[in-house]
Amino acid sequence: MGAKGMATAAGTAVLLYLVLSGRLCGDAAGDGGNLDDQLISSAVSAAAEARRRRKEDALARREQRRASRTKRRWPERAPDGWVEATALAARTVRFTWAETLGKWALGEVSFGIKHYMRQQGNLQHEYAGSDSVLLDGPEVRQELISLLRYLKQCMYFSKKPYNVFLEYGGYGQNDVLIKKSKARILKPAFTIVCDRSSQCFLLFIRGAISVKERLTAATGAEVPFHHVVVQEGRVSNLVLGYAHCGMVVAAQWIAKQAIPCLSKAVEQFPEYEVKIIGHSMGAGIATILTYILRENEKLASSTCIAFGPAACMTWDLAESGKDFVTSIVNRNDLVPSLGLVSAAKLRVEVMSSSWAHDLRKQIQQTRFLGFVNRSVSFIRSHVPFVSDPRSKVVDVDMMQSQSPEAGSKPSADTHAVVKKRPALACWSCVAAPKQSIESSIQIEGTKVQTDTDVQTEKTTEAATAALVSIHLGELNLQESDNREEKGSALTETDEDAMELLESLTDEKQLPSSSSSGQEPHQLYPPGKILHMVGLPAAEEATTSQQGAQEEVIALYETPRHLYSKIRLARSMIGEHYMPKYIKTMEQLIDKLAEDIDDQLDSL
């Protein structure tokens with residue numbers, strides 16, 4: 001570092017001396033000018049080399065720190081104190097940023113997703129394909145009524161005070177086995193109650209309601225998770241796979257507290273069943289917790305009801321739970337198919353769509369947007385370094401002419417003069433498109449390609465004209481002529497639109513914390529999947545009713561591979577909440593009742 005600093009200091013001292021002594025403005029054709037040029041070239045070369053080495057060293061250090069961070073294992077237990085919780089929260093925020101906004105460009109989020117959503121249309125019919133099984137009949141209706149009751153209890157536990165939850169479920173204080181209403185990072189809120197009416201021990205897990213619970217859901221790295229299948233006290237199978245890190249740790253934390261309590265309760269009431277119920281993140285945790293409980297001999301009959309479960313485990317694990325996990329999905333709910341791999345697939349589809357072309361047309365056809373973009377373009381072209389933070393200060397070596405003869409005879413018709421600044425020349429790398437040029441510069445016989453934006457102005461100083469001169473034939477500016485053309489407004493709008501699109505589609509090069517180790521795995525919702533699908537009404541409606549056709553709700557058992565792809569819809573977020581689930585289930589129960597009545601009437 002000492003040699004690099006000395007080289008930089010030496011180069012700076014030489015440049016300062018030459019600038020103050022006025023030798024930069026001397027005659028380029030004289031011997032003194034040639035000597036000065038050689039001194040400048042050597043000093044600038046040394047400074048540039050030192051700067052390049054510093055950048056390489058800094059980049060290497062950043063890569064080492066990044067590699068050390070990504071090699072660290074995610075926690076296998078919930079944090080004990082606030083120090084561990086703060087460190088985990090910071091790491092979770094970095095991970096979430098790198099996997100979401102760190103990868104998606106602004107234009108893809110703002111315009112691409114919306115355009116691709118319109119282009120994609122309603123895809124609910126894919127859940128009702130030939131691979132899906134339609135479920136109806138009195139038994140299905142009775143099962144839905146039972147599921148609806150559990151869902152309402154789950155909503156009361158998540159949204160209402162605990163006393164209201166007990167009152168709605170008809171429970172007393174004696175029926176409460178465990179109560180954990182305050183959530184922490186990787187420590188979700190849960191409760192265990194004894195439901196004497198159904199002879200079940202119900203374990204409710206709250207979803208991502210508070211900030212700490214959302215941090216648990218955002219800890220989305222994949223960790224190994226294995227399930228030991230126990231039958232009749234013997235290990236019959238071992239299922240290997242990966243699962244959501246935050247949900248695995250949260251499930252293990254709940255298991256440590258719930259297993260002793262449930263084991264004692266099952267010994268006292270052997271005829272009672274154990275059911276774990278949750279929604280969203282709570283559903284994913286409930287599923288993983290069920291896998292853990294079933295490895296205990298006393299709790300091997302535990303089952304799970306998951307409403308809107310997150311994609312939390314790989315294929316083999318999800319398939320192994322079809323006998324004891326029931327997942328219910330509502331219409332266009334996004335969460336069951338949301339994961340790192342599915343989000344990457346969606347980004348590829350959005351990038352391959354024609355959203356940028358349509359946005360450009362919209363900008364051209366909208367006067368307000370055109371005015372805004374022309375204003376932004378004007379600011380970017382006149383204020384240095386505001387347009388792009390990545391723009392660099394042009395080195396003094398960029399001011400050297402290609403040959404000693406290049407600056408000896410400046411001409412007003414064929415040359416443009418670079419504006420002289422108080423110290424070094426500061427040229428922004430991003431200016432008006434018509435002023436962007438690619439100039440070839442030779443320093444000590446080496447040809448360097450640089451992108452330089454030159455602002456032209458008339459000057460009468462002969463010394464400044466001798467300093468730097470650039471051929472107009474190479475620049476091809478024609479600034480004054482283009483401003484006077486009648487069709488310049490549309491051309492400027494096109495260029496402004498292209499500038500905006502370039503900034504919107506600029507891909508960020510932030511590293512992914514999951515890509516350094518291994519490729520992420522496709523995660524799926526667990527167990528048997530029951531999807532409430534909204535299909536268009538039959539075409540039997542009269543002409544007066546065609547304008548107000550409503551969807552017909554149907555229940556399908558859907559294959560798992562359908563949830564490896566994100567299907568966009570305007571209601572994909574709103575339909576994830578529990579009130580929407582309750583409304584759809586009530587509509588489905590009423591429809592099944594009508595179908596049963598119609599069948600009885602036909603008989």
Side-chain angles (χ1 to χ4, degrees), residues 66 69-104 109 154 157-159 180-191 204-225 242-258 278-289 292 306-313 333-343 510-515 517 520-521 523 525 573 576-578:
R66 189 179 302 134
R69 286 198 303 265
T70 54
K71 286 180 180 179
R72 287 184 300 168
R73 298 181 60 182
W74 286 90
E76 299 179 355
R77 58 176 178 82
D80 292 333
W82 67 270
V83 177
E84 293 183 5
T86 303
L88 177 61
R91 187 179 182 187
T92 299
V93 171
R94 290 196 302 267
F95 173 84
T96 305
W97 173 267
E99 296 296 339
T100 54
L101 298 179
K103 287 185 176 181
W104 289 75
V109 176
C154 186
F157 172 68
S158 301
K159 301 289 187 178
K180 296 288 184 180
S181 300
K182 195 170 184 179
R184 297 286 189 269
I185 297 178
L186 301 183
K187 298 178 181 180
F190 75 99
T191 187
F204 293 96
I205 304 176
R206 194 168 72 182
I209 304 298
S210 65
V211 175
K212 296 177 181 178
E213 290 166 327
R214 292 190 177 114
L215 286 174
T216 300
T219 311
E222 299 153 5
V223 295
F225 180 73
Y242 291 84
H244 187 284
C245 174
M247 298 181 188
V248 169
V249 176
Q252 292 173 347
W253 176 78
I254 296 176
K256 290 180 180 179
Q257 304 176 69
H279 170 263
S280 186
M281 180 197 74
I285 297 174
T287 301
I288 298 174
L289 177 62
I292 298 174
F307 297 98
C312 58
M313 59 183 62
D333 190 357
L334 171 69
V335 174
S337 58
L338 181 61
L340 298 180
V341 177
S342 57
L510 294 180
S512 172
S513 57
S514 62
S515 61
H521 300 81
L523 302 183
I573 297 178
H576 175 67
Y577 298 112
M578 283 184 281

### side chain to side chain contact (heavy atoms under 4.5 Å, CB included) evaluation trace for Ile209 with Lys159
CA-CA 9 Å; Ile209 304 298; Lys159 301 289 187 178; 3.8 Å; yes
Measure across [X] and [Y] and return the closest heavy-atom pair with its distance rounded to 0.1 Å.
| X | Y | result |
| --- | --- | --- |
| Ala310 | Val335 | CA-CG1, 3.6 Å |
| Ala78 | Lys187 | CB-CE, 3.5 Å |
| Ala85 | Ile185 | O-CD1, 3.7 Å |
| Gly207 | Ser158 | N-OG, 4.3 Å |
| Ser210 | Ala183 | OG-CB, 4.3 Å |
| Pro336 | Pro525 | O-CD, 3.2 Å |

Would you indicate whether the side-chain heavy atoms of [Y] and [X] approach each other to under 4.5 Å?
| X | Y | value |
| --- | --- | --- |
| Cys245 | Glu222 | no |
| Pro188 | Ile285 | yes |
| Leu186 | Trp253 | no |
| Thr287 | Met313 | yes |
| His279 | Tyr577 | no |
| Pro520 | Val341 | yes |
| Arg206 | Phe190 | no |
| Gln252 | Ile292 | yes |

### Glu213 and Thr216: side chain donor to acceptor below 3.5 Å
no
### Query
Will you find, in the side chains of Ser280 and His576, an N or O donor that is under 3.5 Å from an N or O acceptor?
yes
### Message
Using the rule given for side chain to side chain donor-acceptor pair (under 3.5 Å), can you reason through Thr92 versus Thr219, listing the C-alpha separation, both sets of side-chain angles and the distance that settles it, and then say yes or no?
### Response
CA-CA 5 Å; Thr92 299; Thr219 311; 3.2 Å; yes
### Task
Before giving the answer on side chain to side chain contact (heavy atoms under 4.5 Å, CB included), spell out for Val223 and Tyr242 the whole-Å C-alpha distance, their side-chain angles and the decisive distance to 0.1 Å.
CA-CA 5 Å; Val223 295; Tyr242 291 84; 5.8 Å; no
### Query
Got a second to check how far Leu523's CG is from Leu340's CG, nearest 0.5 Å?
7.0 Å
### Message
Apply side chain to side chain contact (heavy atoms under 4.5 Å, CB included) to residues Ile205 and Leu289 and explain how you reach the verdict.
### Response
CA-CA 10 Å; Ile205 304 176; Leu289 177 62; 4.1 Å; yes
### Task
Quick one: do Met281 and Met247 satisfy side chain to side chain contact (heavy atoms under 4.5 Å, CB included)? Show the steps, please.
CA-CA 8 Å; Met281 180 197 74; Met247 298 181 188; 4.1 Å; yes
